Amino acid sequence: LHDGPHLSLLFFDRARRVYRRALEVARAANNWWMESQTLNDLGSLESATGDPSAAAAAYVQAYESHKSRNEWPDALNSLGNLTNAEIALGRYDDGIAHAREGVAICERRGLRHQLGWSLSTLGTALEAAGRSREAARMHRAVFALGDSTSVSPRLSAVIRLASRLAQADS
């Protein structure tokens with residue numbers, strides 16, 4: 001049992017069982033928020049173990065559950081994760097559509113803090129699809145939000161724009 005990958009697989013299998021049991025408990029207790037959060041966490045586990053299809057399925061369920069309860073920040077988190085799973089599956093147009101939906105939700109609901117993340121996710125999806133100019137516009141839009149959004153998407157935008165400039169220079 002000194003082999004690292006085997007221990008990692010054992011850990012992930014055990015974690016997967018725990019999340020599935022947590023889903024059963026949340027559903028039995030009619031705790032929809034915990035169910036949605038657990039689905040999102042299960043999606044992250046599936047993504048980490050290299051199964052973006054299973055991850056996408058969990059993220060869709062989490063997103064729909066949060067959305068049906070108007071839990072918009074959590075819904076946007078699940079939608080962003082779904083976008084990344086779609087990118088991993090090579091379904092760029094679907095990923096872009098999900099990311100655009102996230103931006104639209106932020107704009108309709110005045111969720112300026114989350115808008116930075118949604119624009120950043122859209123930029124990532126566009127970049128993955130080979131649409132670099134559109135991606136750069138999204139990253140500039142994140143940076144332009146200034147202090148109305150968190151530091152992380154602004155930092156990501158600066159790094160992505162700097163990378164794009166470095167590529168153009170070489």
Side-chain angles (χ1 to χ4, degrees), residues 7-129 135 138-139 142 145 148-157 159-160:
L7 288 175
S8 293
L9 290 175
L10 181 64
F11 168 78
F12 286 124
D13 286 341
R14 192 170 291 148
R16 190 175 287 110
R17 284 193 305 272
V18 168
Y19 282 127
R20 288 185 179 144
R21 181 67 181 125
L23 275 173
E24 291 172 12
V25 170
R27 287 174 176 155
N30 290 323
N31 186 332
W32 304 114
W33 184 84
M34 184 55 69
E35 176 187 356
S36 302
Q37 292 298 98
T38 303
L39 282 164
N40 198 58
D41 290 345
L42 181 59
S44 295
L45 173 75
E46 299 297 0
S47 181
T49 60
D51 191 348
S53 183
Y59 292 140
V60 165
Q61 290 178 61
Y63 171 64
E64 292 300 331
S65 180
H66 284 305
K67 181 175 141 181
S68 72
R69 290 167 181 73
N70 293 315
E71 298 164 347
W72 294 110
D74 291 324
L76 289 163
N77 183 48
S78 296
L79 192 58
N81 288 337
L82 175 58
T83 298
N84 290 325
E86 296 289 5
I87 292 168
L89 289 165
R91 299 190 302 224
Y92 304 118
D93 289 341
D94 291 340
I96 291 167
H98 293 310
R100 287 190 194 286
E101 182 179 352
V103 170
I105 290 167
C106 290
E107 289 173 342
R108 274 193 317 268
R109 301 197 171 278
L111 301 171
R112 199 151 165 89
H113 184 73
Q114 286 84 6
L115 181 58
W117 284 112
S118 293
L119 286 167
S120 179
T121 301
L122 178 54
T124 299
L126 289 164
E127 191 74 46
M138 294 306 111
H139 296 308
V142 172
L145 290 172
S148 68
T149 194
S150 67
V151 171
S152 295
R154 285 185 286 150
L155 180 58
S156 175
I159 291 168
R160 290 185 182 274

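For reference, positions follow the sequence shown, starting with 1. Everything quoted here is computed from the prediction, not taken from an experiment.
Remark: Lys67 NZ to Ser36 OG distance equals 13.0 Å, nearest 0.5 Å. The distance from the OG atom of Ser78 to the NE2 atom of His98 is 12.0 Å, given to the nearest 0.5 Å. A distance of 14.5 Å separates CH2 of Trp32 from CD of Gln37, quoted to the nearest 0.5 Å. Note that the CG atom of Leu111 and the OG atom of Ser148 stand 12.0 Å from one another [nearest 0.5 Å]. Rounded to the nearest 0.5 Å, atoms CG (Asp41) and CD (Glu46) are 12.0 Å apart. Considering CG of Asn77 and CG of Asn40, their distance stands at 5.0 Å, rounded to 0.5 Å.
Checked by atom type and distance alone, the side chain of Tyr63 never pairs as donor or acceptor with a backbone atom of Gly80 at under 3.5 Å. Between the side chain of Ser120 and the backbone N or O of Gly116, no donor-acceptor pair lies under 3.5 Å. In this structure, the side chain of Ser68 engages the main chain of Ser65 through a donor-acceptor pair within 3.5 Å. Remark: the backbone N or O of Pro52 is not paired with any side-chain donor or acceptor of Ser47 at under 3.5 angstrom.
Contact detail for Ala129 and Ile96: the closest heavy-atom pair is CB-CD1, 3.8 Å. Taking each heavy atom of Thr149 and Val142 in turn, the nearest pair found is CG2-O, 4.3 Å. Across all non-hydrogen atoms, the minimal contact from Met34 to Asn31 is N-OD1, 2.9 Å. In this structure, Ala128 and Ile87 approach most closely via the heavy-atom pair CB-CG2, 3.6 Å. Contact record, Thr83 with Gly95: CG2-O, 3.2 Å, taken as the closest heavy-atom pair. Across Asn81 and Ser44, no two heavy atoms sit closer than the pair ND2-OG, 4.5 Å.
Between Arg21 and Glu24, at least one side-chain N (NZ, or NE/NH1/NH2) sits under 4.0 Å from a carboxylate O, which counts as a salt bridge.
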Residue pair Trp33, His66: steps toward the side chain to side chain contact (heavy atoms under 4.5 Å, CB included) verdict:
CA-CA 7 Å; Trp33 184 84; His66 284 305; 4.0 Å; yes
Full working for side chain to side chain contact (heavy atoms under 4.5 Å, CB included) between Ser150 and Trp117
CA-CA 8 Å; Ser150 67; Trp117 284 112; 3.3 Å; yes
Run the side chain to side chain contact (heavy atoms under 4.5 Å, CB included) check on Leu89 and Glu86 step by step: do they pass?
CA-CA 5 Å; Leu89 289 165; Glu86 296 289 5; 4.3 Å; yes
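Side chains of Leu126 and Arg100 form a contact here, defined as non-hydrogen atoms less than 4.5 Å apart. Residues Arg16 and Thr49 have side chains in contact (heavy-atom distance under 4.5 Å, counting atoms from C-beta outward). Inter-residue side-chain proximity for Ile105 and Arg108 is flagged as met; some heavy-atom pair is nearer than 4.5 Å. Residues Arg154 and Leu145 form no side-chain contact, since every pair of their non-hydrogen atoms from C-beta on lies 4.5 Å or further apart.
Annotation: Asn70, atom CG; neighbour count of heavy atoms from other residues, nucleotides and ligands within 6.0 Å is above 12.
If you run side chain to side chain contact (heavy atoms under 4.5 Å, CB included) between Val103 and each of Leu119, Leu76, Thr121, only Leu119 comes through.
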